[in-house]
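Taking it in order: structure first as structure tokens, then the write-up.
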Amino acid sequence: MNKEKVLVTSALPYANGPIHLGHLSGAYLPADIYVRYKRLKGDDIIYICGSDEHGVPITISADKEKVSPNVIIDRYHEKNKAAFEKFGMSFDIYSRTSLPIHHKTAQEFFKKFHENGLLVEKKSMHFYDNKANMFLPDRYVEGTCPRCGYEEARSDECEKCGSLYEPQELLNPKSKISGDTPELKETSHWYFPLGKYQKFLEDYIQEMNSNYGWKDNVLQYCKGWFKDGLKDRAVTRDLDWGIKVPLPNSEGKVIYVWFEAVLGYISATKIFSENLNKPDLWKDYWQGKDTKYIAFIGKDNVVFHTIIFPAMLQAWNENSETKFILPQNVPANEFLNFEGKKFSKSRGWGIDVDEFLELFPADPLRYTLASNLPENKDTDFYWKEFQAKNNNELADILGNFINRTFIFAGKHFNNEVPSRNELSEIDNKMLNDLQVYPRKIAELFENYKIKDAVLEMMNLTRNANKYFNDSEPWVTVKKDKSICGTTINICLQTIYTLAEIFSPVIPFSSKKIFSMLNSEPTEWLSIGINNLKVGHKLNKSEILFKKIEDDVIQVQLDKLPSSEIVKEKIHEISFEDFSKIKLKIAKIVSAESIKKSNKLLKLKVELKNETRQIIAGIAQSYSPEELINKKVVIVSNLKPAKLFGELSEGMILAVENNTGKLNVLEVDENIAIGTDVR
RNA sequence: GGCGAGGUAGCUCAGUCGGUUAGAGCAGUGGAAUCAUAAUCCACGUGUCGGGGGUUCGAAUCCCUCUCUCGCUACCA
């Protein structure tokens, strides 16, 4: 099989704050899983990322803390780098855009465009804050809208009425940085002719999509931009912080971040090459005709990776001997929300990666996020779901399968792989699964369907448990140990396969499993039925996934700002709906427990002129005797149902206290039976 | 305001270039089993596929309309 040459990048995180779970779900975890899979498959792949360290927000953070921007970027670069590492991100390099080599690369692109006459200089008026000594980006100026009078309008646009205007029209402008009234000053900027590349980009996206099937959401975003028509974009800014414009007389001007950050992928690859002492290696990837470049991003970044970056690369290619490759696919994800709402640092909503990993290991988080990636639409992270995924799937299904197999191998086969003897039908079926699943999962990975791939991994694990159950080794070990040996042999092969196919998702645990197996991963397509030789000695096993208790999760839930907690949605019903429910007072005249059920009681209740049988799930809260003669509220027109073969003609209302004990609703002795409750 | 996305089982999500009885996991109920982290396995879903209208032999899937949520428009994946 041909080895592919693959270049993978994940969006460069902005070094102005810690990364949170949403970032992971968007651009990092899916890429890491893909890359780890590709490495096991044996493809030639490199994975590039780094910090994006320029732009106005960083300078503002720096001003607020009265430190230099370097302090900010150093802090968050290191913090995020460490968090990624702890999370198990397997970047080949995690670089940063403040490095000289990046400045040089970006300037080279800028100069090339300038020399070829692509950049156009235009003069315009911008607000200048004399106190802060800087030109103000549009969103840092606030004033009254000249059209509708809205008082929080921006310098060029009003959010309220949607009108666009020139900065000089804005009334009562205020700098959001210093609060002073800014002054209008003329400045000039260089513009990149994005419109010139619209046709090229439309063709490019069309072609890539028909060859490689781009995601629908990505295509939709692009379509929107094309429909509006691509316009020239200013690629310089009046700012001290950033990459200096490499032209004479351009003091105080830097290259706009969006125009250089994407080039960070290239400069980072250069550093990667240098670190390996192969300074030209980066060209094999970026300029290698057969390399496929996959850019993993979140949806907010689509325009930069499908339009601006490709346009820049094309602009280079048109004017140079060397040709860069363009993204073959941009599998952008939607967003991950947190407990039903958007992550918001200012409102304390959500959790940062480093904070999370202080509390729990990386693998359960990776698994939880991977099995609910926002591939098609926004999804949510819920603490309860995290707990459930960890306990019910990783611990109970995967962990327990491994554990029960190892214990068997230890107890009955001296910690060695027993021989595989005559095969039954279920043996063959399991062995077949071991060959089918890795291929099925590979196929899904190749199409960036990470979430489905993860589902299939757990499905194989379910099959494994079923195989174990159906084979009943605890029976065969006594009757015919060779049959039992066959079962355990196959279970161990299964564990090997699971360790490998799960390794992109839960790399830390996978490593432990391989160590328990006293073995190592092999090429993806060689996994299956014969990776462990008969007689192979196993190591000691350990519990892989600890259960997470309710109270541990509750602590996290309690930490959330209560004002932000999503109120339970109340489904309103009409009075008409309510009046359909006939509640009546009934007296319990007899009660007995039901055989083989530990929750149900069989009750006879008396209404006005009738006696009914009701089966109630209150046996754990009441003994039959203490119910006799209680006057309770029942739903009298509930459709009858059979429970445990007994007819139940109604339902008794009860409430649960904080220990889980039920209390039936009772009324005074002087209320007549059969009375309607209203 | 404009543009876009979404509203599918109690919950989290698949599916849909129109076509047999609309799916998975979790939760729930019942059963089997007891090797195992009380862990596993089996069975069980009458869901107006957001509301209404239309096209069609046939729509969750196409069109129109209404409604709710969210995003983009404005350098946080």
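First the proteins, then the strands, lettered A, B, ... as listed; each starts at 1. All values below come from the heavy atoms of this structure, side chains included, with hydrogens, waters and symmetry mates left out.
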Ignoring backbone atoms, test whether [X] places a side-chain nitrogen or oxygen under 4.0 Å from the OP1 or OP2 oxygen of [N].
X        : N     : answer
A/Asn376 : B/G6  : no
A/Arg404 : B/A38 : no
A/Tyr382 : B/C11 : no

Which part of the nucleic acid, if any, lies within contact of [X], taking any heavy atom under 4.0 Å across all strands shown: a base, the sugar-phosphate backbone alone, or nothing?
X        : value
A/Leu336 : base
A/Phe401 : nothing
A/Leu544 : base
A/Gly55  : nothing
A/Phe335 : base
A/Ala11  : sugar-phosphate
A/Gly26  : base
A/Glu472 : nothing

Tell me which nucleotide among [options] gets nearest to the side chain of [X].
X        : options             : value
A/Lys377 : B/U8, B/C35, B/G15  : B/U8
A/Lys451 : B/G25, B/C13, B/U12 : B/C13
A/Tyr256 : B/U37, B/C75, B/G71 : B/C75
A/Asn392 : B/C26, B/C35, B/G71 : B/C26
A/Phe545 : B/C35, B/U12, B/U37 : B/U37
A/Asn469 : B/C41, B/G25, B/C75 : B/C41
A/Glu385 : B/U12, B/C13, B/C35 : B/U12
A/Ile397 : B/A14, B/U40, B/G71 : B/U40
A/Asn372 : B/C35, B/C72, B/C13 : B/C13

- prompt: Any N or O donor-acceptor pair linking the side chain of A/Asp396 to the base of B/U37 at under 3.5 Å?
  reply: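 Answer no: no donor N or O sits under 3.5 Å from an acceptor.
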field: Side chain A/Asn400 and base B/A36 donor-acceptor under 3.5 Å
entry: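 Under the 3.5 Å cut-off, the side chain and the base do form a donor-acceptor pair.
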Looking at [Y] and [X], is there a salt bridge between them, counting it only when a charged N and a carboxylate O are closer than 4.0 Å?
X        : Y        : answer
A/Arg96  : A/Glu53  : yes
A/Arg366 : A/Asp32  : yes
A/Lys299 : A/Glu334 : yes

Could you work out the separation of [N] and [M] based on their [atom1] atoms and round it to a whole Å?
N     : M     : atom1 : answer
B/C42 : B/G47 : C1'   : 24 Å
B/G15 : B/U8  : C1'   : 9 Å
B/G23 : B/C62 : C1'   : 22 Å
B/A9  : B/U46 : C1'   : 12 Å
B/A43 : B/C26 : P     : 13 Å
B/A24 : B/C63 : C1'   : 31 Å
B/G4  : B/A74 : P     : 16 Å
B/C44 : B/A5  : C1'   : 36 Å

Whole angstrom value for the distance that separates [atom2] of [N] from [atom1] of [X]:
X        : N     : atom1 : atom2 : value
A/Phe338 : B/C70 : CZ    : C1'   : 18 Å
A/Lys481 : B/C35 : NZ    : C1'   : 14 Å
A/Met430 : B/C41 : CE    : P     : 12 Å
A/Ile73  : B/C76 : CD1   : C1'   : 17 Å
A/Lys223 : B/C3  : NZ    : P     : 14 Å
A/Phe386 : B/C26 : CZ    : C1'   : 16 Å
A/Asp380 : B/G71 : CG    : P     : 12 Å
A/Leu373 : B/G25 : CG    : C1'   : 15 Å

Applying the Watson-Crick and G-U wobble criteria at under 3.5 Å, what pairs with [N]? Answer none if nothing qualifies.
N     : result
B/G10 : B/C26
B/C41 : B/G31
B/U46 : none
B/G58 : none
B/A5  : B/U69

field: First encountered from the 5' end of RNA chain B, between A/Ile407 and A/Asn459
entry: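 Nearest-nucleotide comparison on RNA chain B picks A/Asn459.
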- prompt: Considering heavy-atom distances to RNA chain B, does A/Lys299 or A/Lys547 have its closest nucleotide positioned more toward the 5' end?
  reply: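 The residue mapped nearer the 5' terminus is A/Lys547.
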query: Can A/Trp474 be classed as stacking with the base of B/C35, given a centroid separation cut-off of 5.5 Å and a plane angle cut-off of 30°?
result: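 Here the ring of A/Trp474 and the base of B/C35 are stacked, with centres under 5.5 Å and planes under 30°.
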query: Per the side chain to side chain contact (heavy atoms under 4.5 Å, CB included) rule, which among A/Ile58, A/Ile60, A/Asn16, A/Asp240 passes with A/Pro69?
result: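 Filter result, single survivor: A/Ile58.
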- request: Apply the side chain to side chain contact (heavy atoms under 4.5 Å, CB included) test between A/Ile205 and each candidate in A/Val330, A/Leu219, A/Val218; give the one that qualifies.
  value: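 That would be A/Leu219; it is the only one of A/Val330, A/Leu219, A/Val218 passing the side chain to side chain contact (heavy atoms under 4.5 Å, CB included) with A/Ile205.
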task: Would you verify whether the NZ or CZ of A/Arg404 falls within 45 degrees of the ring axis of A/Phe468 while also being under 6.0 Å from that six-membered ring's centre?
output: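 Yes; both conditions hold, so A/Arg404 lies above the ring face of A/Phe468.
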Cationic tip of A/Lys481 above A/Phe413 ring, under 6.0 Å, 45° of axis: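 A/Lys481 over A/Phe413 ring: yes.
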field: Test ring pair (Phe, Tyr, Trp, His ring centres under 6.0 Å) applied to A/Trp241 - qualifying residues, sequence neighbours left out
entry: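 Per chain and number, A/Trp241 pairs via ring pair (Phe, Tyr, Trp, His ring centres under 6.0 Å) with A/His54.
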task: Could you tell me how the ring of A/Tyr28 sits relative to the ring of A/Phe91: parallel (under 30°), tilted (30 to 60°) or perpendicular (over 60°)?
output: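 Perpendicular.
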